[in-house]
Amino acid sequence: MKNSSRRTYSVPALDKGLDILELLSQAPGPLTIIDLAAQLNRTRNEIFRMLDNLQKRAYITRDPVAGTYSLTLKLYELAHTHSPVDHLLRAAYIPMRTLADTIHESCHLSVLSRDMLVVIASTESPEPVRLSVEVGYRVLPLHTVSGTLLVAAMQDEEREHFLQTDSSYTAMKPAQRTALQKIFDIALKNRHHLAPSSRRTGIDCSCLIGNPTIGVTAALGVPVIPGGLNEGKEKKLIPILMETADHITAALGLSGVKATPAVVSFIA
């Protein structure tokens with residue numbers, strides 16, 4: 001009988017190099033060789049040659065005075081060469097600026113990265129007092145309107161796998177899971193989601209960018225503080241938000257599954 005178990009191979013030198021890069025990426029500041037050796041549970045001699053090689057290949061740099069090591073931008077450069085995210089950012093830049101200027105609200109662009117929602121772009125409102133989300137912000141997807149929309153857009157098998165490993169979902173009671181499934185169904189059908197923010201006072205609006213059937217999706221979101229002149233504004237935002245999302249999808253060379261919202265005139 002053939003052994004069907006997957007064979008694994010050990011590459012100690014590669015593991016050592018990756019351990020160093022990952023540690024430097026997580027460190028609050030540059031590290032000395034002594035710091036690196038201690039935190040990796042290795043001797044100085046074990047990592048000296050690897051540090052020298054990584055420095056020669058420009059992945060890390062060494063401060064000649066302090067003797068500390070830190071990452072260069074080479075990994076960032078590699079990650080953004082022909083990156084789908086880079087293409088998305090270019091496609092979204094002008095439409096997001098136009099949207100923010102038109103609706104006088106800030107907007108942001110989010111994607112799923114493994115088990116987290118990550119904000120990858122943000123365009124601020126021209127108003128002096130505004131609400132915005134910082135680029136790089138990471139949060140569990142089901143804690144946000146944009147994240148909930150992107151999970152809804154997953155293929156069934158992918159969504160099921162995600163939910164079974166998501167701490168927010170596994171902590172839910174059966175009735176809460178049933179209610180969430182209904183939210184998924186409506187959000188996917190409409191290609192947008194509108195709900196009170198779970199992180200602050202206000203309402204979040206989010207529309208789907210891309211084509212879920214090929215696994216290329218992002219969420220275009222707008223946070224709104226209701227009341228006063230903003231009363232009911234979040235519902236009026238949906239048509240122009242969806243139009244902007246469709247423009248970005250088209251700029252990516254994709255054809256999204258269309259949803260036609262009710263036509264609502266918008267006055268900022």
Side-chain angles (χ1 to χ4, degrees), residues 25-26 73 75-77 79-80 83-127 129-154 158-159 162 166-169 183-184 187-188 191-212 215-225 234 237-238 240-249 251-252 254 256:
S25 73
Q26 297 165 9
L73 292 177
L75 286 173
Y76 180 88
E77 181 182 18
H80 287 76
S83 166
V85 171
D86 195 41
H87 190 190
L88 175 60
L89 292 174
R90 288 197 300 270
Y93 179 77
I94 293 178
M96 287 179 65
R97 180 70 270 166
T98 301
L99 175 66
D101 289 343
T102 302
I103 66 177
H104 291 260
E105 298 286 355
S106 301
C107 58
H108 55 273
L109 190 66
S110 305
V111 297
L112 293 177
S113 178
R114 297 187 179 180
D115 57 346
M116 301 292 283
L117 180 81
V118 182
V119 176
I120 61 171
S122 179
T123 302
E124 293 190 343
S125 162
E127 296 296 318
V129 179
R130 51 187 176 258
L131 181 65
S132 61
V133 182
E134 185 179 3
V135 172
Y137 177 63
R138 298 170 63 87
V139 63
L140 290 172
L142 296 183
H143 288 180
T144 68
V145 169
S146 290
T148 299
L149 177 62
L150 289 175
V151 174
M154 290 178 175
E158 181 186 8
R159 187 190 312 115
F162 171 86
D166 180 76
S167 59
S168 302
Y169 183 79
I183 291 174
F184 285 158
L188 183 58
R191 288 180 63 84
H192 72 262
H193 185 35
L194 179 71
S197 171
S198 64
R199 315 296 291 182
R200 50 170 170 69
T201 301
I203 296 176
D204 288 340
C205 318
S206 188
C207 287
L208 192 65
I209 292 171
N211 189 333
V216 179
T217 56
L220 178 63
V222 174
V224 178
I225 298 178
E234 67 278 359
L237 285 176
I238 295 300
I240 190 170
L241 193 57
M242 291 188 68
E243 181 181 0
T244 303
D246 288 342
H247 284 168
I248 297 173
T249 296
L252 290 170
L254 301 174

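Quantities reported herein were computed from a predicted structural model and do not represent experimental measurements.
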Donor-acceptor under 3.5 Å (Thr244 side chain, Pro95 main chain): no
Any residue meeting side chain to side chain contact (heavy atoms under 4.5 Å, CB included) with Ile183, in chain and number order, not counting sequence neighbours: Thr148, His193
side-chain contact (heavy atoms from CB on, under 4.5 Å) between Leu220 and Leu99, intermediate numbers included: CA-CA 10 Å; Leu220 178 63; Leu99 175 66; 3.9 Å; yes
Residues that Glu127 engages under side chain to side chain donor-acceptor pair (under 3.5 Å), provided they are two or more places apart: His104
Test item: Ile120 and Leu89 side chains (from C-beta on) under 4.5 Å apart, heavy atoms: yes
Ser125 side chain to Ala100 backbone, donor-acceptor under 3.5 Å: no
By side chain to side chain donor-acceptor pair (under 3.5 Å) - contacts of Tyr137 (at least two apart): Arg199
Which residues share a side chain to side chain donor-acceptor pair (under 3.5 Å) with Arg138, sequence neighbours left out: none
Which atom of Arg97 lies closest to which atom of Glu124, heavy atoms considered: NH2-O, 2.7 Å
Ala251: side chain to side chain contact (heavy atoms under 4.5 Å, CB included) partners, not counting sequence neighbours: Ala91
Tabulate below the donor-acceptor pairs under 3.5 Å that side-chain atoms of residues 111-118 make, not counting sequence neighbours, or state none.
none

Salt bridge (charged side-chain N to carboxylate O under 4.0 Å, His left out) partners of Arg159, counting only residues at least two apart: Asp156
For Glu243, side chain to side chain contact (heavy atoms under 4.5 Å, CB included) partners two or more places apart: His247
Closest contact, heavy atoms only, Ser122 versus Val135: N-CG2, 3.6 Å
Partner set under side chain to side chain contact (heavy atoms under 4.5 Å, CB included) for Arg90, not counting sequence neighbours: Asp86, His87
Non-neighbouring partners of Ser110 that pass side chain to side chain donor-acceptor pair (under 3.5 Å), sequence neighbours left out: none
